[in-house]
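Counting from 1, the numbers follow the sequence of the chain as shown.
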Amino acid sequence: MKTITVSASRTYDIRIGPGLLTTLGEAVRGLGKEEKVFLVSDTQVYPLYGGAAEASLKAAGYSVSSFVFPAGEESKNGETFLKLLNALAQAGLSRSDLLIALGGGVVGDLAGFSAACYLRGIRFVQIPTTLLAAVDSSVGGKTAIDLSAGKNLAGAFYQPSLVLCDLDALDTLPEDIFRDGCAEVIKYGVLYDPELFSQLETSGLDFDREAVIARCVALKRDVVMEDEKDTGSRMKLNLGHTFGHAVEAHSRFTLSHGKSVAIGLAIIARASASMGICSEADAARIVSVLKAFGLPVQTQYTAEALLPYLLSDKKRSGGTVNLILPEAIGRCVVSPTPVSQLQSILQAGL
C-alpha cells in the first residue's frame, strides 16, 4: 500500500492498494467519534461493493444509512442533489457524522457537493472505484453537479477527510471504462512527466497500476497544495478539458468523460502544433498514445456547434478563456485566450 498526504484546507491521506475496502470501518474510526455514516453510491457500484462497505462499517460499530441513485452523468443534477440532501436530513445526520462516496466520478462529485452543503459542511470520505476517479476527481476537493447550461457549473471546493483507493475495485471495471481513466493518466504525462509518458508509450494498458496511480496522485497533490482554489497552477489540470467538456456536453453526455477528454487532448495538441507552440512530433506522440490506449482522437462535431459550450465554460473570465497548451511532452502553459479566437483554434485542432 502507498499513502500520499495532502495538506490543503484540510489535511488527509490517500491510501492506494488492494483490499482496502475491508479496512473501511477501521479507517473511518481513526477519523473521529462520529456515530452515523451515510453511504452514497449508484446502481452499478452498490451491488458490487455496497455490501462489503456496509459490513465493514457495521463491524466497527457504526449505524449505516445509504442512498443509491441511477448510474450515469445524467443523474449528477439538481434533482438528485436535493433528494440526497433530504435523505441526509431524514437520516438525522449531524455535523459530527460522516458521508462516504463509493463509486466513480459522478458519485464522488455529487456526494462531495452534498457534504459541502448539508449543514454547511460535514466530513466525507472518497472511495473511488474507477481509474478516472482514482487519479482525478477523488483528489483535490473539487465537487459539483451539472446544470442544463453545462457541466460542473454548480459546485464547491471541499476536501475529503480520507481517500481509499482499493485497487481490487478496478478488476471489475469493463475495459472500456478502464480506458476512460487512462485519458487522465496520459494527461499527467503530457503536463508534468515525460518519463511517465514514455512508460505509457511502452507498456500500454499493462502499466503498473499501483505505481502509476500513486504517481498521478502525487502530481495532483503537489498542484492542489500550491493552488487549492484553481486560480493559478491548478488550471493546468484542465488540459484537454475545455474542448473535451464541449464535446461531452454536445453529445448530451452520451460520450463518456474520459473519451471526451481524450478528444479534447488530441484537439489541443493538434491546435498547438498548428500555432507553432509545440512540435508536430510531440503532437503526433500525444495522438498516437491516445490511439494506442483505444481512445478516440476525433469528433464529428463542428467548431461552430461546439462554440456555445466554450462560451459557457466555468473557466471563462470575462472575454477570455484559459486554454492549456502543450509546449512539449511534460511542459504546458496557461494561455488566456480571447473568446473571439476560440472557434479558429478549435477548427485548427479538429
Original post:
Are I213 and V261 joined in one hydrophobic group, where the rule is that I, L, V, M, F, W and Y side chains link up if heavy atoms are under 4.5 Å apart?
Top reply: no
Subject >> Connected via hydrophobic side-chain network under 4.5 Å: V212 and I186 >> reply: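 Yes, V212 and I186 fall within the same hydrophobic cluster.
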Original post:
Is any side-chain N of the basic residue among E73 and K151 closer than 4.0 Å to the acidic one's carboxylate O?
Top reply: yes
Let me confirm one number: the [atom1]-[atom2] distance from [X] to [Y], rounded to the nearest 0.5 Å.
{"X": "L132", "Y": "S137", "atom1": "CG", "atom2": "OG", "value": "6.0 Å"}
{"X": "S56", "Y": "R29", "atom1": "OG", "atom2": "CZ", "value": "11.0 Å"}
{"X": "L290", "Y": "L265", "atom1": "CG", "atom2": "CG", "value": "5.0 Å"}
{"X": "S65", "Y": "K36", "atom1": "OG", "atom2": "NZ", "value": "7.0 Å"}
{"X": "I324", "Y": "S335", "atom1": "CD1", "atom2": "OG", "value": "8.5 Å"}
{"X": "K142", "Y": "K229", "atom1": "NZ", "atom2": "NZ", "value": "12.0 Å"}

Determine whether [X] and [Y] make a side-chain contact, defined as any pair of heavy atoms from C-beta on separated by less than 4.5 Å.
{"X": "D230", "Y": "M235", "value": "yes"}
{"X": "L196", "Y": "C216", "value": "yes"}
{"X": "Y188", "Y": "D193", "value": "no"}
{"X": "K187", "Y": "D136", "value": "yes"}

How would you list, by chain and number, every residue that makes a side-chain contact (heavy atoms from CB on, under 4.5 Å) with [X], sequence neighbours excluded?
{"X": "P338", "value": "S340, Q341"}
{"X": "T43", "value": "V68, A71"}
{"X": "S41", "value": "V45, Y46, L102"}

Closest heavy-atom pair and its distance - [X], [Y]:
{"X": "G108", "Y": "Q126", "answer": "CA-OE1, 3.4 Å"}
{"X": "A266", "Y": "V287", "answer": "CB-CG2, 4.2 Å"}
{"X": "A283", "Y": "A273", "answer": "CB-CB, 3.8 Å"}
{"X": "L131", "Y": "C182", "answer": "CD2-N, 3.7 Å"}
{"X": "L255", "Y": "S260", "answer": "CD2-OG, 3.5 Å"}
{"X": "A27", "Y": "L162", "answer": "CB-CD2, 3.9 Å"}

Original post:
How far apart are the C-alpha atoms of V297 and I263, what are their side-chain angles, what is the distance that settles it, and do they pass the side-chain contact (heavy atoms from CB on, under 4.5 Å) test?
Top reply: CA-CA 4 Å; V297 295; I263 292 169; over 6 Å; no
**OP:** Hey, could you give me each pair passing salt bridge (Lys or Arg N to Asp or Glu O under 4.0 Å) that has a residue in residues 319-342? Not counting sequence neighbours.
**Re:**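 Qualifying pairs, neighbours excluded: E327-R331.
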Subject >> Test salt bridge (Lys or Arg N to Asp or Glu O under 4.0 Å) applied to D176 - qualifying residues, sequence neighbours left out >> reply: K259
Original post:
Quick one: salt bridge (Lys or Arg N to Asp or Glu O under 4.0 Å) partners of R234, sequence neighbours excluded?
Top reply: none
**OP:** Flag the pair H245 / Y309 as yes when their ring centroid distance falls below 6.0 Å, and as no otherwise.
**Re:** no
Original post:
Are H257 and H241 close enough that their ring centers fall under 6.0 Å?
Top reply: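 Centroid distance H257-H241: below 6.0 Å, so yes.
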Any pair with a residue in [range] that passes side chain to side chain donor-acceptor pair (under 3.5 Å), sequence neighbours left out, goes on the list, sorted by first then second residue, please.
{"range": "residues 283-307", "value": "E201-R285"}
{"range": "residues 13-27", "value": "T5-D13"}
{"range": "residues 93-111", "value": "K76-D109, S94-S96, S94-D97"}

Original post:
How far apart are the C-alpha atoms of V247 and F243, what are their side-chain angles, what is the distance that settles it, and do they pass the side-chain contact (heavy atoms from CB on, under 4.5 Å) test?
Top reply: CA-CA 6 Å; V247 171; F243 294 154; 5.6 Å; no
**OP:** Please lay out, stage by stage, how L57 and I100 fare under the test side-chain contact (heavy atoms from CB on, under 4.5 Å).
**Re:** CA-CA 11 Å; L57 291 165; I100 296 176; 3.8 Å; yes
Subject >> Residues in side chain to side chain donor-acceptor pair (under 3.5 Å) contact with R270, at least two apart in sequence or another chain >> reply: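 R270: no side chain to side chain donor-acceptor pair (under 3.5 Å) contacts found.
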Original post:
Who are the side chain to side chain donor-acceptor pair (under 3.5 Å) partners of S9, not counting sequence neighbours?
Top reply: E228
Original post:
Has R123 got its NZ or CZ under 6.0 Å from the middle of the six-membered ring of Y12, at an angle within 45 degrees of the ring axis?
Top reply: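 No; the conditions do not both hold, so R123 does not lie above the ring face of Y12.
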Subject >> Co-members of the apolar cluster containing Y158 [side chain, <4.5 Å] >> reply: F38, V40, F67, F69, F81, L82, L84, L85, L88, L93, L99, V106, V107, L110, F113, Y118, L119, I122, F124, I145
Subject >> Side-chain donor-acceptor pair present, T242, N238, cut-off under 3.5 Å >> reply: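 Distance-only check fails for T242 and N238.
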**OP:** Might you work through the side-chain contact (heavy atoms from CB on, under 4.5 Å) test for L21 and I127, ending with a clear yes or no?
**Re:** CA-CA 8 Å; L21 192 58; I127 307 178; 4.2 Å; yes
